[in-house]
Amino acid sequence: MTGLVVAMDGPSGSGKSSASRGVARALGLRYLDTGAMYRAITWWMLERGVDLTDPEAIAARALAPVLSMGTDPDAPSVAVDGADAALAIRTSEVTAAVSAVSAVPEVRRRLVAEQREIIGLGGIVVEGRDIGTVVTPGAPVKVYLTASADARALRRTAELTGTTVETQKAAMARRDTLDSTRKTDPLAMAADAVELDTTALNLEEVIAEVLRVIKEKA
Ligand code: C5P
């Protein structure tokens, strides 16, 4: 399994993170959360008051923050300029702002290069929006996770406090539209990906299904 790369793409709330970590754990592989990288850059820019309505301002600082990603599926980590940012990148402010930052080509170019470097010779499960289409189009296993809008909003609401399903559903719809309509590397299913609808599945069932796909393809 050393050389194996499993690309896991899909919209927010489709169950990518839990499933990707579970699959990596089951097979003794590393795990990379590429969304955490876009969130980390977004958090750094918010902290510094960068105008996120101005793509040029974002592009001008795209290379400044230094990221360090930990790829242990039991304890994935993200550090920005040497400081742990795992909690800071999960706030609603970062979630609301991340799509504006991830649409900027200079940000994507930088992070795609870093993601390829981390993937290296493989042995890793990578989750994101453009992993099977752009980051590692040669990956032997590509899974595209989906779920109904209601199921995705319910899952996200259960993870958070002080929000409602309706609020989450609207926020996710907005983010998915931005992510799938941007010009550079939009959220899309690779032609050779296996689509997996997780609406009626629990986490164990999703992991089992992905492991079955890996057995068949890898
Ligand atoms: O997966 P997560 O919800 O943490 O991703 C946060 C955001 O990062 C997405 O909404 C998207 O804008 C961006 N992203 C991306 N490409 C990836 C992973 C995430 O553009 N490969």
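Counting starts at 1 for both ligands and their atoms, in listed order. For reference, positions follow the sequence shown, starting with 1.
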- Tell me, which protein residue and heavy-atom name are nearest atom 3 (O) of ligand 1, and how many Å apart are they? Arg175 NH1, 2.9 Å
- Query: Looking at atom 4 (O) of ligand 1, what's its closest protein heavy atom, distance included?
  - Reply: Arg39 NE, 2.6 Å
- Query: So, Arg129 and Asp9, do they make that salt bridge, N to O below 4.0 Å?
  - Reply: no
- Enumerated ligand 1 atoms positioned under 4.0 Å from heavy atoms of Asp130: 16 (N), 17 (C), 21 (N)
- Can we say Arg90 and Asp33 salt-bridge, meaning some charged N sits less than 4.0 Å from an Asp/Glu carboxylate O? yes
- Item | Which of the ligand 1 atoms, numbered from 1, are nearer than 4.0 Å to a heavy atom of Ser99 | 10 (O), 12 (O)
- In the hydrophobic cluster built from side-chain contacts under 4.5 Å, what are the other members alongside Tyr31? none
- Query: Any idea which protein heavy atom is nearest atom 19 (C) of ligand 1, and the distance to it?
  - Reply: Gly35 CA, 3.5 Å
- Message: Using a strict threshold of under 4.0 Å (side-chain N to carboxylate O), is an ion pair present between Asp74 and Arg25?
- Response: yes
- Item | Donor on one side chain, acceptor on other, Thr163 and Gln168, under 3.5 Å | yes
- Query: Can you tell me which residue and heavy atom of the protein come closest to atom 14 (N) of ligand 1, and the distance to 0.1 Å?
  - Reply: Tyr38 CD1, 3.6 Å
- Message: Under 4.0 Å between a side-chain nitrogen and a carboxylate oxygen: does that hold for Arg155 and Glu159?
- Response: no
- Note on the structure: A student checking ligand 1 against Ser102 at a 4.0 Å heavy-atom cut-off should list atoms 11 (C), 12 (O), 13 (C), 20 (O)
- Message: Any carboxylate oxygen within less than 4.0 angstrom of a Lys/Arg side-chain nitrogen, looking at Arg212 and Glu216?
- Response: yes
- Query: Nearest protein heavy-atom contact for atom 18 (C) of ligand 1: which residue, which atom, what distance?
  - Reply: Thr34 OG1, 3.3 Å
- Message: Need the ligand 1 atom indices (1-based, order shown) with element for anything under 4.0 Å from a heavy-atom of Arg108.
- Response: 15 (C), 16 (N), 20 (O)
- Note on the structure: Min over Lys16, Glu127, Arg182, Arg129 of heavy-atom distance to atom 1 (O) of ligand 1 lands on Arg129
- Item | Option of least heavy-atom distance to atom 11 (C) of ligand 1 (set: Leu187, Asp179, Ile131) | Asp179
- Query: Can you list the steps and then say if Ser92 with Thr95 is a side chain to side chain donor-acceptor pair (under 3.5 Å)?
  - Reply: CA-CA 5 Å; Ser92 53; Thr95 303; over 6 Å; no
